[in-house]
Amino acid sequence: MMAVNPLTTMSAGHPTFPCSEALLEQALAVIPLGSQTFSKSLTQLPRGVSPFFVDRAEGPWFWDVDGHRFLDLTNGLACITLGHRNPLVDQAVRTQLERGVTFSLPHPLERQVAELIIAMVPCAEMVRFGKNGTDATSGAIRLARHCTGRDRVAICGYHGWQDWSIGTTSRHGGIPLSVRELSHTFPYNDLSALAELLAAHPGEFAAVILEPMNIAWPQPGYLEGVQALAHQHGALLVFDETITGFRFSNGGAQALFGVTPDLACFGKGLANGYPLSALTGRRELMERISEIFFSGTFGGETLSLAAAKAVLELLSSQPITEQLAAAGQQLAERVSKISADLGLAEVFGLSGHPSWMIWSIRDHANAGNSEIRTLLLQELYSRGIFTIGSHNISAAHDQPCLDLVVQAYSEVLPLLSEALMTAGGVGERLRCDPLVPLFRVR
Ligand SMILES: Cc1ncc(COP(=O)(O)O)c(C=O)c1O
């Protein structure tokens, strides 16, 4: 029997999403994909069994437009680290709202937030703000190209939607070949592959950019090795800490792993859901931003800066990133045990840092990866747990929340195990079309 279902409109059974579905139809008529963000669109959410529109959120929860309450494991694609509507952040924003939002001159908050970042992040000596992570990574690469006088970039992982980054994926429509040819991908945790790549174009690489960690932990010496190789070849080392920043530790992954890059990019958790990103790094490099063009109308927008100030002050005064790691670790251990006890460890596991664990799903003889993922999403959604395949932990995930998630997995993983016993068993249990696999960047 199903345990207490946190969905508000039913006590058991399959939720339906009539309002979401109707809104999706309307949105699709005027908004391509029906969403501004790929990862919040029907490319990631199986149609018929998923909520598509949110009404409101609070702490660890959100409510969809059909009145279902979900425990939020996605947290706005990892930008909510404190929980939705953190009272101190909300108050800081309200106070600033009373004084204006976007002005005709810079505001002192810009300096205040820059100083907080400089105090927390090892590589940070100067800071410039943007709105999205893409702004910061774009600025980093332009600056690296300017400072080195070189064009090529070595890339590992996802860094946003700009040409040099997404041009390396199968989604490279609209990106000139001449730009794509300047971006070279390299695999994580493989120093010889990077060495070979850099040596193939001596003196031509402006930057080596990577997330210091995403799915896999860096092997001992790996990040140090990347740094040494980049510098040996005259390239700058850029850490993309859009997700890891203010999540893995107060100083980001660079503080956790003790490797200080030349430049680093922050976003997501910097302002707990308000749109703010930051490019930071060594003073002599950052000063040269004034020689290139990195500028935007909303770069000094003050609600996000007020939010960031509140977030950074909270992080500096309380062990929040430690709390995220501890909660995520407990969740990962309990869920992994359920999977292992069912003999599913080869098919379903979790990898990454405890504060940002990502599903790793392998094809099974009786079902493909996408079908398995779709079944897991369908069944977790019907139990009021929202994820798109990761555990993006927030400080609002208290013990009852973790227990609720574990309870849901303890019902869903046995269903998967049973479904995998027969060929086609997973497909038969789907009440929707399986998701179509898309381009991968991690
Ligand atoms: C590591 C990383 N870098 C950059 C970005 C781009 O950030 P944004 O979507 O805010 O432009 C993302 C977004 O998911 C990211 O995960």
Side-chain angles (χ1 to χ4, degrees), residues 33 35-41 43-44 73-81 121 128-144 153-169 171 183 185-188 207-216 218 223 226 237-249 252-254 256-257 261 263-281 294 296 298-299 301 304 307-308 311 351-353 355-359 387-393 438-442:
L33 273 186
S35 167
Q36 310 312 316
T37 311
F38 202 74
S39 299
K40 301 180 190 177
S41 76
T43 64
Q44 306 294 305
L73 278 181
T74 297
N75 275 312
L77 308 178
C79 68
I80 306 291
T81 42
V121 174
R128 280 292 297 268
F129 294 107
K131 300 314 287 176
N132 290 291
T134 302
D135 297 347
T137 53
S138 300
I141 294 303
R142 183 171 297 172
L143 182 60
V153 284
I155 299 176
C156 176
Y158 179 69
H159 305 293
W161 66 271
Q162 67 283 65
D163 288 2
W164 58 258
S165 165
I166 213 68
T168 62
T169 72
R171 284 245 159 191
S183 293
T185 57
F186 65 93
Y188 191 74
V208 173
I209 181 168
L210 74 163
E211 283 183 282
M213 171 179 175
N214 59 64
I215 297 173
L223 294 174
V226 171
L237 177 64
V238 183
F239 276 177
D240 180 353
E241 298 233 39
T242 303
I243 292 186
T244 57
F246 309 111
R247 176 172 282 279
F248 281 24
S249 87
Q254 59 189 270
L256 188 64
F257 299 123
L263 296 170
C265 307
F266 294 85
K268 306 256 185 189
L270 174 55
N272 203 49
Y274 286 84
L276 189 69
S277 61
L279 168 58
T280 185
F294 179 77
F298 295 112
E301 174 272 311
S304 303
V311 168
S351 52
H353 185 270
S355 67
W356 176 38
M357 281 275 176
I358 301 163
W359 283 359
T387 173
I388 55 167
S390 59
H391 298 171
N392 305 341
I393 303 296
L438 290 164
F439 73 103
R440 286 184 68 91
V441 281
R442 291 193 173 101

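Both ligands and their constituent atoms are indexed starting at 1 by order of listing.
Of all atoms in ligand 1, listed by their number and element, those nearer than 4.0 Å to a heavy atom of Ile243 are 16 (O). Every atom of ligand 1 is numbered from 1 in the order shown, and the set under 4.0 Å from a heavy atom of Asp240 is 1 (C), 2 (C), 3 (N), 4 (C). Residue-ligand proximity, Gly133 to ligand 1, at heavy-atom distances under 4.0 Å covers atoms 7 (O), 8 (P), 10 (O), 11 (O).
Checking only distances, Thr134 does come within under 3.5 Å of ligand 1, N or O to N or O. At a 3.5 angstrom cut-off on N or O pairs, Lys268 counts as close to ligand 1. Residue-to-ligand polar distances keep Glu211 apart from ligand 1: every N/O pair is separated by 3.5 Å or more. Residue His159 has no N or O atom closer than 3.5 Å to an N or O atom of ligand 1.
Side-chain contact of Gln162 with Thr137: a donor-acceptor pair under 3.5 Å is present, judged by distance alone.
Looking only at side-chain heavy atoms (C-beta outward), His159 and Trp164 come within less than 4.5 Å of each other. At least one side-chain heavy atom of Leu223 sits less than 4.5 Å from a side-chain heavy atom of Phe239.
The residue Trp161 has no part lying near ligand 1, judged by heavy-atom distances below 4.0 Å.
Classification of the Phe246-Phe266 ring pair by plane angle, with boundaries at 30° and 60°, yields tilted.
Shown here are the salt bridge (Lys or Arg N to Asp or Glu O under 4.0 Å) partners of Lys40, two or more places apart in sequence or in another chain: there are none. With sequence neighbours excluded, the residues forming a ring pair (Phe, Tyr, Trp, His ring centres under 6.0 Å) with Phe38 are Phe439, listed by chain and number.
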